[in-house]
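Owing to the predicted nature of the structure, the values given are computational and were not obtained by experimental measurement. Naming convention: chains lettered A, B, ... in sequence-line order (proteins, then strands); numbering from 1 in each chain.
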Protein chains: 2
Amino acid sequence: MHFDPSQLAALSAILRHGSFEAAARDLNVTPSAVSQRLKALENRMGTPLVIRDTPCRPTPAGQRLARHAQDLSLLEAQVAKDLGMTSAPARVRVAINADSLATWFIPSLAGSELLFELEVDDQDHSADWLHQGAVAAAVTARETPVRGCACHALGALRYIPTASPAFMARWFSAGVTRETLSRAPVLTFNAKDQLQVSWIRQTTGHALRPPTHVLPSTQAFVDAALAGLGWGMNPQVLVEAHLQNGDLVPLIDGAKLDTPLFWQVARHVSEPLRPLTASVRRRARAALVQPDQH
Amino acid sequence: MHFDPSQLAALSAILRHGSFEAAARDLNVTPSAVSQRLKALENRMGTPLVIRDTPCRPTPAGQRLARHAQDLSLLEAQVAKDLGMTSAPARVRVAINADSLATWFIPSLAGSELLFELEVDDQDHSADWLHQGAVAAAVTARETPVRGCACHALGALRYIPTASPAFMARWFSAGVTRETLSRAPVLTFNAKDQLQVSWIRQTTGHALRPPTHVLPSTQAFVDAALAGLGWGMNPQVLVEAHLQNGDLVPLIDGAKLDTPLFWQVARHVSEPLRPLTASVRRRARAALVQPDQH
DNA sequence: CATCCTGAGTAAGTTTTTCTAATGCATTTC
DNA sequence: GAAATGCATTAGAAAAACTTACTCAGGATG
């Protein structure tokens, strides 16, 4: 039972680009060829692999095969490297939380020979992506290794509860208390974002439900704080300058929340991803808060 | 850069069977097809892959590609399994020391869906096979993990220095001493076999060089001891019955040498080999000497 | 409501690939 | 030194994969 590489490439391209036509352009063939390749593959597998929609989405079997296609191209890239050949760069899917992406992660990708497809999701959920095999590696908040994955501690991303001075004057003139915190508008990244309520609970000991803005963009999150729309937990590195020049102030002096992060790599591709893993760890050591070394 | 699966299969079959003709029979094609497939692959790689000899042997590049072919078929088998398909069984190469093969190992292979190609080598050298990627897993004496491999302790194989009663009467009537040990003929499995001299050094504190028979066969080794040809370190399980009925006796009562063994699996195929790993460990727990649990 | 546009699927014909069959040419074997 | 073995090569046949051209469905447009 062999899987035809060009058929797998077609499946990959369709899912990556969302349509048969775009996939055909990417593969330098006619859309008809792509259609025939996928049909042949679906016939062989005896089940549909792609849900024809805009954009196209994989069925469970399609997802599994797409993963195989990715694994295969990583393995082939490793062979090519071992034999000193040049080859088309392999693609690798990586799950990453938005704040890591906005702050420290990108530079660790530079210099790699791979092509990246980043999936942005909450750090608490990226482990699921890994577990399903939808990505080959992930930055995750989960410390226990996902089955079949190697886990590397990266350090912690430090968040600081921040707001504009005007916002502070309006909502917290009476101090940061249980009462003021439950009335002042809070910024939330999305429905999964628990950082603000975590910090409130950690600080006040109560689970409050303040009025909430939802802004699923790291940059918008900072801008909203600057504009006095609300307060929110912002990555220290993103607001450092604003804190220096007084455009933003911490809700409480010295207040912070550290979120430990981990790099998990599917072990069956750990060898081809070894340089990436090294690069990510190096970058994290420089950019994240490291636990005290005793 | 795709590798054609049928070309890889040809390479695999050639190396497995040692000739193009046998490979052709195995693949149900004409020898010409095999020749053309390999030629196409060699052209693509820009280097010879097979040394045409009897039997055919791989060049370094050929070895690396053959490994890729094996990895690929394991990955494909895993995909097929995940999708509930039937598929041709994948082949897996395993390095194993002769005494493990003769005593406890075989039953752990039963019930697997894989096809095995065992490479018999000394337990101290099987790690090299792994490191070069020539095998996907190995029973080895090496405790430190080979790069890219997961290591599982299996317990120890217990050896007992044994000889026939007649041999004892002839050579050790004066007791087992430095003098008698340096004169009595010793059995050796092969040039790599250090068990006998290890035990002598462990027992007497001296590195002696007694006259040596070389018998590279586990069964012949026991037979030679029974025949009074020499004494040798025999796996306890192989000589238990002979010790019971007096055909063999230990050189020194209660003397033994435990050789700890480890199961090392290349991590990139650890998932498809998971059932095998479980089976080997289960069997080893039952058949090998386990370290005291405190 | 008819029309246009986009994107997937299908059919037919052509190109490319890959096989078999036949043959050649070494090397080994008796 | 004839027969046998085994790989390489070639030509032609068979199979596979592609392109072109067309059809069909669904959504946007006038």
Side-chain angles (χ1 to χ4, degrees), chain A residues 1-59 61-63 65-66 68-69 72-73 76 88, chain B residues 1-63 65-66 69 72-73 76 88:
Chain A
M1 164 61 65
H2 292 302
F3 299 113
D4 183 325
S6 65
Q7 290 173 2
L8 290 177
L11 172 64
S12 251
I14 290 168
L15 297 179
R16 183 163 58 249
H17 293 108
S19 88
F20 284 48
E21 289 219 335
R25 249 173 282 131
D26 187 68
L27 298 172
N28 289 315
V29 293
T30 57
S32 172
V34 172
S35 177
Q36 289 175 53
R37 284 186 191 177
L38 187 70
K39 191 181 163 192
L41 192 55
E42 288 181 325
N43 278 342
R44 185 98 88 56
M45 306 301 295
T47 173
L49 301 173
V50 169
I51 300 166
R52 275 71 166 175
D53 202 347
T54 45
C56 290
R57 289 168 301 113
T59 63
Q63 173 133 334
L65 265 189
H68 177 62
L72 182 55
S73 86
E76 286 179 344
Chain B
M1 165 59 67
H2 291 302
F3 299 113
D4 183 324
S6 65
Q7 290 173 1
L8 290 177
L11 173 64
S12 256
I14 290 168
L15 297 179
R16 184 163 58 251
H17 292 108
S19 88
F20 285 47
E21 300 228 330
R25 249 172 281 132
D26 186 70
L27 298 172
N28 289 316
V29 293
T30 58
S32 173
V34 172
S35 177
Q36 290 176 55
R37 284 185 190 177
L38 188 70
K39 190 180 162 192
L41 192 55
E42 288 181 324
N43 279 342
R44 184 95 88 55
M45 306 300 295
T47 173
L49 300 173
V50 170
I51 299 167
R52 274 71 164 176
D53 202 347
T54 44
C56 290
R57 288 168 301 115
T59 64
Q63 173 132 336
L65 266 189
L72 183 56
S73 86
E76 286 179 344

Identify, with sequence neighbours excluded, every residue that meets salt bridge (Lys or Arg N to Asp or Glu O under 4.0 Å) alongside [X].
X	value
Glu21(B)	none
Arg52(B)	Glu42(B)
Glu76(A)	none

Could you tell me the separation between the [atom1] atom of [X] and the [atom2] atom of [N], rounded to a whole number of Å?
X	N	atom1	atom2	value
Leu38(A)	dA17(D)	CG	C1'	15 Å
Lys39(A)	dA16(D)	NZ	P	15 Å
Asp53(A)	dT6(C)	CG	P	19 Å
Arg25(B)	dT5(D)	CZ	C1'	11 Å
Asp4(B)	dA16(D)	CG	P	14 Å
Arg37(B)	dT9(D)	CZ	P	18 Å
Asn28(A)	dA17(D)	CG	P	19 Å

>> Nearest 0.5 angstrom please: Gln36(B) CD to Gln7(B) CD, how far?
In response: 11.0 Å
> Once you round to the nearest 0.5 Å, how far does SG of Cys56(A) lie from CG of Leu49(A)?
Replying inline: 12.0 Å
>> What I'd like to find out is whether the side chain of Asp4(B) reaches to under 4.5 Å of the side chain of Leu41(B), using heavy atoms alone.
In response: no
Please give me the minimum heavy-atom distance between [X] and [Y], naming the atom from each residue.
X	Y	value
Pro48(B)	Ala61(B)	O-CB, 4.4 Å
Leu15(B)	Ala66(B)	CD1-CB, 3.8 Å
Arg37(A)	Ser6(A)	NH1-O, 3.2 Å
Thr59(B)	Val50(B)	CG2-N, 4.1 Å

> With Watson-Crick and G-U wobble geometry limited to distances under 3.5 Å, how should the secondary structure of DNA chain C be encoded in dot-bracket form, using | for bases paired to another strand and [ ] for crossing pairs?
Replying inline: ||||||||||||||||||||||||||||||
>> Output one letter per nucleotide in nucleotides 24-30 of chain C: B when a protein non-hydrogen atom lies under 4.0 Å from the base, S when only the sugar-phosphate is that close, - when neither is.
In response: -------
> Ignoring hydrogens and geometry, is there a side-chain-to-backbone donor-acceptor pair from Arg44(A) to His2(A) under 3.5 Å?
Replying inline: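 Answer holds: yes.
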> Is there a residue in residues 6-21 of chain B whose heavy atoms reach under 4.0 Å of DNA chain C, and which residues are they?
Replying inline: none
> For residues 41-49 of chain B, which residues have at least one heavy atom under 4.0 Å from DNA chain C?
Replying inline: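 Contacts with DNA chain C under 4.0 Å: none.
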> For Ser19(B), what residues pass the side chain to side chain donor-acceptor pair (under 3.5 Å) criterion, not counting sequence neighbours?
Replying inline: none
>> For a side-chain contact (heavy atoms from CB on, under 4.5 Å) check, start with the C-alpha distance between Leu72(B) and Phe3(B), then their side-chain angles and the critical distance, and finish with the verdict.
In response: CA-CA 10 Å; Leu72(B) 183 56; Phe3(B) 299 113; over 6 Å; no
What's touching nucleotides 20-28 of chain D from the protein side, N or O pairs under 3.5 Å?
unit_1  : atom_1 : unit_2   : atom_2 : d
dT20(D) : O4     : Ser32(A) : OG     : 3.1

side-chain contact (heavy atoms from CB on, under 4.5 Å) against [X], all qualifying residues, sequence neighbours excluded:
X	result
Thr30(A)	Ser32(A), Ala33(A)
Ala13(A)	Arg16(A), His17(A), Ala23(A), Asp26(A), Leu27(A)
Arg57(A)	Ile51(A), Asp53(A)

>> Classify Val34(A) by what it touches in the nucleic acid, base, sugar-phosphate, or nothing, heavy-atom distance under 4.0 Å.
In response: nothing
